[in-house]
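Side-chain atoms are counted along with the backbone in the values below, which use heavy atoms only and exclude waters and symmetry mates. Computed from a predicted structure; not experimentally measured.
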Amino acid sequence: MNGDLAQERDRAKIPAKYKWNLADMYANEVAWRESRDGLAAKIPEFARFQGKLMSSAGALTGALEMMFVFDRELSRLSAYAWLLADEDTRDGRHQGMRQEIEQLRSVFQSHTAFIAPEILQGGKPIVEQFIVAEPRLKIYQLYLKEILRRKPHTLSENEEKILADAAPLASGPSNVYTILTNADFPYPAILLSDGRSVRLDQAAYIYLRTLPERADREKVMSSFFQSLGAFSRTFGATLNGELQKVLFFAKTRKYPSALEMVLDDLNIPVAVYTGLIEGVRRNLPALHRYLRLRKRMLGVDRLHYFDLYAPLVASVNVEYTPQEAQRNVLAAFAPLGPDYTSTIRRAFDERWIDLLPNNGKRSGAYSTHGPYDVHPYVLMNFNSKYADVSVLAHELGHTMHSYLSNKTQPYPLASYPSFVAEVASTFNESLLVDYMLKNSGAPDVRLSLLGNYIENVKGTVFRATQFAEFELRIHELTQKGEPIVGDTLSALYLDITKKYYGQDEGLCIVDDYVAHEWSLVPHFYSEFYMFQYATSFTASEALAARVKSGDAAATKRYLAFLNAGGSKYPIELLKDAGVDVTTGGPLELTIGAMNQAMDEMERLLANL
């Protein structure tokens, strides 16, 4: 990336072409406000259906049509407020807009809380009769099936209303965490070996932990994690608030555990979650093989945790401009066809992407699912490295999944389940590394790219599962009534991390300050999401292997999967695409590919 762009943090000075255009949703905040107020005024109209919902197929259809129209507009209002607030998390007015939408959604859910209980009172036979009698109910068939399936966990109308009214309160821990980490946290400043003074916010930490100078990497990581540790009591309190919230909802809805509640929402067997942890634990030797290879390539006597992000090949320090990143991802996505790549071009040309870091901007990266009637948006913090190009490919996978499902499916069926959400993203990462390998003959560059592929497996399968195991343990502690404080969380996190990275075997030293890394994982505020990175990655590896081999039928099935949205349960969607995640097959295939990549790396090293 151009050096000036890399350092520029004043959003006003960043060129418009690198910032998203939210006017595609609303012309300005005034237009947003008018839409928000208009929707709020109409919400009481749901009262006309209350008590009469199951009187006829027409009444049920009318209520569902109205509910999903409102939900669609709420989603657009929410997207605008969320994205605007994430441009600068220090802006109180935009944070206030986000809170307004949370409150409005709570009001909406409260006014529609009668729908599920009344459908259940009507019962399955009447619902099925209505579906046959009224063709307009066809697009709501899965929604109705879900209500009937979850009958044991649906409460009375008044109880459902209370839970809906509690939604703004329930979002408190996550909101506090977001503001603290992105706007208010006093990130440290350090002096690097070249004399530069840098402020270690999240974007800077992710970039600087890759520095070639080992002493700098150690200083970056130790300073960053120790600064988090100074606030472990606060982070412990926010995460405890989140854990207690989830436990409350699980108990209220009569689930044995938080895990069973969250997975039931996706209709996923608990064995998929626990089986992943067991499978990854069995395959830790593959991760440990990579740690030994990394130690050899870095030429260090003892590998430390702060060495895990260092460039494997010091001679390869390629930086990519935004334009180069765009060219590479477009070329990599060519196997998916011209319609796919032309939409990616639109994402760049029409400013769907907010690319560069700026002061106060939310850290990390994401892609919105909507708004349904407009297009997805992407938030990035691009720092010019190959990893950033890979993240861009990843988020554009989400974007295309959302774009195609929104384009193909009616709104009630467009939103794909979170369990499959990371398939398209990691699929695109696989296409990118395959393209880069095919177009780079230099042994050192090839070594670097293979290393990046292994890093993806390490991060998306092993690290995500490590997080999933930690998350399961802290929810179990909460259910047992154990105290959830910063020190407890840090001790547990450090213990699990040492086991994954083989400290007892002398493979990698996990320094004590790493205990605080849990503090900066936002996914712990999206319950049991992390394991889906691993299951999605292994599924996408199986699917991408066929597409990369030129299998036209596999490509067609994959694109059909992207177009299917949420028209089926997630496991069925993946089976249609050609992979069964209820078995250990996808994980074993991924570990096999990882070992093959390491085989080639070792051959290349032998010839250097």
J.: Would you mind checking if R72 and D373 are paired as a salt bridge, meaning a charged N to carboxylate O distance below 4.0 Å?
T.: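 Counted as a salt bridge, because a side-chain N and a carboxylate O are separated by less than 4.0 Å.
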J.: Do the rings of Y366 and W20 sit parallel, tilted or perpendicular, given the 30° and 60° boundaries?
T.: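 Aromatic pair Y366/W20 classed tilted.
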J.: Which residue pairs pass the ring pair (Phe, Tyr, Trp, His ring centres under 6.0 Å) test with at least one member in residues 561-589, sequence neighbours excluded?
T.: H401-F561
J.: Parallel, tilted or perpendicular: which fits the ring planes of H304 and F306, with parallel below 30° and perpendicular above 60°?
T.: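 Ring orientation of H304 relative to F306: parallel.
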J.: For Y500 and E469, test the side chains for any donor-to-acceptor distance below 3.5 angstrom and give the result as yes or no.
T.: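 The answer is yes; a qualifying pair exists.
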J.: Going by an N to O cut-off under 4.0 Å, is there a salt bridge joining E600 and R446?
T.: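 Salt bridge between E600 and R446, a charged N being under 4.0 Å from a carboxylate O: yes.
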J.: Under 4.0 Å between a side-chain nitrogen and a carboxylate oxygen: does that hold for E278 and R281?
T.: no
J.: Are F382 and Y18 an aromatic pair by the rule of ring centers under 6.0 Å?
T.: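 Distance test on ring centres: not under 6.0 Å, no.
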J.: Are R294 and E455 close enough for a salt bridge, meaning some N to O gap below 4.0 Å?
T.: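 The answer is yes: the pair qualifies as a salt bridge.
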J.: Which residue pairs pass the ring pair (Phe, Tyr, Trp, His ring centres under 6.0 Å) test with at least one member in residues 537-560, sequence neighbours excluded?
T.: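 Residue pairs passing ring pair (Phe, Tyr, Trp, His ring centres under 6.0 Å), neighbours aside: F427-Y558.
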J.: Can you list the steps and then say if S367 with T399 is a side chain to side chain donor-acceptor pair (under 3.5 Å)?
T.: CA-CA 6 Å; S367 174; T399 294; 2.9 Å; yes
J.: Can the ring centroids of F467 and F524 be said to lie less than 6.0 angstrom from one another?
T.: yes
J.: Heavy atoms only: give me the nearest T465-I277 pair and the separation to one decimal.
T.: CG2-CA, 3.8 Å
J.: If you take all heavy atoms of D201 and A204, which pair is closest and at what distance?
T.: OD1-N, 2.9 Å
J.: Side chains of Y255 and D264: is there a donor and an acceptor less than 3.5 Å apart?
T.: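 A donor-acceptor contact under 3.5 Å links the two side chains.
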J.: How far does CD of E87 sit from CG of L379, to the nearest 0.5 angstrom?
T.: 9.0 Å
J.: Do the side-chain N and O atoms of E517 and T497 include a donor-acceptor pair separated by under 3.5 angstrom?
T.: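 The criterion, which ignores hydrogens and geometry beyond distance, is not satisfied for T497 and E517.
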J.: Parallel, tilted or perpendicular: which describes the rings of F225 and Y205, with under 30° parallel and over 60° perpendicular?
T.: tilted
J.: Just by distance, no angles: are the side chains of S536 and E422 close enough, under 3.5 Å, to form a donor-acceptor pair?
T.: no
J.: Around atom NZ of K548, are there more than 12 heavy atoms from other residues, nucleotides or ligands closer than 6.0 Å?
T.: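 Atom NZ in K548 is packed in, count exceeds 12.
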J.: When you look at S75 and Y411, which way does the side chain to side chain donor-acceptor pair (under 3.5 Å) test go after all the steps?
T.: CA-CA 11 Å; S75 295; Y411 181 74; 3.1 Å; yes
J.: Going by the side-chain contact (heavy atoms from CB on, under 4.5 Å) test, name the single residue among I496, L494, D495 that passes it with K498.
T.: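 Going through the options one by one, the only one that passes is L494.
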J.: Using a 4.5 Å cut-off on heavy atoms from C-beta on, say whether the side chain of L308 contacts that of L303.
T.: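 With C-beta onward as the side chain, the pair touches.
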J.: Please determine whether a side-chain nitrogen of the Lys or Arg among D599 and R289 lies less than 4.0 Å from a carboxylate oxygen of the Asp or Glu.
T.: yes
J.: Here's a test for you: under salt bridge (Lys or Arg N to Asp or Glu O under 4.0 Å), which of R217, K295, R296, R209 qualifies with D307?
T.: R217
J.: Kindly write out the residues that satisfy ring-ring contact (aromatic ring centres under 6.0 Å, His included) with Y453, not counting sequence neighbours, or none if the list is empty.
T.: none
J.: Do other residues, nucleotides or ligands put more than 12 heavy atoms under 6.0 Å from the NZ atom of K145?
T.: no
J.: Would you kindly say whether N563 and T408 are connected by a side-chain donor-acceptor distance under 3.5 Å?
T.: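 Result is yes, a qualifying pair exists.
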J.: Please tell me whether K385 and T210 have a donor and an acceptor in their side chains that are separated by less than 3.5 angstrom.
T.: no
J.: G566 and P417: which non-hydrogen atoms are nearest, and at how many Å?
T.: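 So the two residues come closest at CA-CD, 4.1 Å.
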J.: Report yes if the distance between the aromatic ring centroids of H523 and Y525 is under 6.0 Å, otherwise no.
T.: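 They do not qualify: ring centres at least 6.0 Å apart.
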J.: Do Y416 and S402 have side-chain N/O donor and acceptor atoms under 3.5 Å apart?
T.: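 Side-chain D/A pair, Y416 to S402: present.
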